[in-house]
Amino acid sequence: WDLWTQALRTDSESLIITSSRKDALTIWANMGIPAVSLQSENTMPKGHVVQRLKDRFKNIWCLYDNDYDKESINPGRTFAKELSDKYGFTQIEIPTSYKSKDPSDLYYKHGKQEFIKVINNLINK
């Protein structure tokens, strides 16, 4: 878990799990919501580790990449769904209309204000 220690030290009730440090930092810096990332989109975390997050944070969202590989499979979306289903997290996704594969891409293509608006809309549903 990247940024784990820093996230646990915040006073936030919310956490976003992403697929990369770059995305976690983009979210944290612009939204003020702590974010962590796993090292891979195919390694399921251990239950006792996830329980520590669930004990600490009231709201936990999974926001993984929307990109596709050459076989038209979306590994980010697939893993976020598995992770959310297994541990009871809320899966959120950047709408495809933004043509942004991840949070940092959304910020780069659409700017800070639109980034904040999109993320707020996702977490306040």
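Position 1 is the first residue of the sequence, and the numbers go up from there.
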Visitor: According to a 4.5 Å side-chain heavy-atom criterion applied to Ile, Leu, Val, Met, Phe, Trp and Tyr, with indirect links allowed, do L53 and M44 form part of one hydrophobic cluster?
Guide: yes
Visitor: Using a cut-off of 6.0 Å, state whether more than 12 heavy atoms not belonging to K117 lie near its atom NZ.
Guide: no
Visitor: Could you pull out the closest heavy-atom pair between V36 and A7, with the gap in Å?
Guide: CG1-CB, 3.7 Å
Visitor: Tell me whether the count of non-hydrogen atoms from other residues, nucleotides or ligands lying under 6.0 Å of NZ in K99 goes above 12.
Guide: no
Visitor: Which heavy atom in S19 sits nearest to a heavy atom in S37, and how many Å separate them?
Guide: C-CB, 4.0 Å
Visitor: Under 4.5 Å between any side-chain heavy atoms of D105 and Y98, yes or no?
Guide: no
Visitor: Do S20 and D102 have side-chain heavy atoms sitting under 4.5 Å apart?
Guide: no
Visitor: Can you tell me how far the CD1 atom of I119 sits from the OG1 atom of T26, to the nearest 0.5 Å?
Guide: 9.5 Å
Visitor: Could you report the tightest heavy-atom contact between M31 and I116, atom names first, then the distance?
Guide: SD-CA, 3.7 Å
Visitor: With a 4.5 Å heavy-atom cut-off, do V118 and P95 have their side chains touching?
Guide: yes
Visitor: What's the spacing between K46 NZ and R52 CZ if we round to 0.5 Å?
Guide: 15.0 Å
Visitor: Between K54 (side chain only) and Y87 (backbone N and O only), is there a donor and an acceptor less than 3.5 Å apart?
Guide: yes
Visitor: So, do W1 and I17 sit near enough that their side-chain heavy atoms are less than 4.5 Å apart?
Guide: yes
Visitor: I16 and V49: same hydrophobic cluster, using ILVMFWY side-chain contacts below 4.5 Å?
Guide: no
Visitor: Is there a path from Y107 to L63 through hydrophobic residues (I, L, V, M, F, W, Y) whose side chains come within less than 4.5 Å of each other?
Guide: yes
Visitor: Is N59 close to T90 at the side-chain level, that is, under 4.5 Å between some pair of heavy atoms?
Guide: no
Visitor: Just verifying a value: how many Å separate E93 CD and D65 CG, rounded to the nearest 0.5 Å?
Guide: 11.0 Å
Visitor: Please determine whether residues L106 and I92 belong to a single hydrophobic cluster, defined as Ile, Leu, Val, Met, Phe, Trp and Tyr linked transitively by side-chain heavy-atom distances below 4.5 Å.
Guide: yes
Visitor: Enter the distance from K86:NZ to K81:NZ here, rounded to the nearest 0.5 Å.
Guide: 14.0 Å
Visitor: Would you indicate whether the side-chain heavy atoms of L8 and F57 approach each other to under 4.5 Å?
Guide: yes
Visitor: How long is the straight-line distance from OH of Y64 back to CG of D23, given to the nearest 0.5 Å?
Guide: 10.0 Å
Visitor: How many angstroms lie between OG1 in T18 and CG in L3, if you round to the nearest 0.5 Å?
Guide: 8.0 Å
Visitor: Are there over 12 heavy-atom neighbours, none belonging to N124, within less than 6.0 Å of that residue's CG?
Guide: yes
Visitor: Between F89 and C62, which heavy-atom pair has the shortest distance, and what is it?
Guide: CD1-SG, 3.7 Å
Visitor: Just so I know, are the side chains of W61 and Q91 near enough to count as touching, which here means a heavy-atom distance under 4.5 Å?
Guide: no
Visitor: Between L38 and L83, is any pair of side-chain heavy atoms under 4.5 Å apart?
Guide: yes
Visitor: Can you name the closest pair of heavy atoms from I27 and I33 and give their distance?
Guide: CG2-O, 3.9 Å
Visitor: Do you know which two heavy atoms are closest between P34 and T10, and how far apart they sit?
Guide: CG-OG1, 3.4 Å
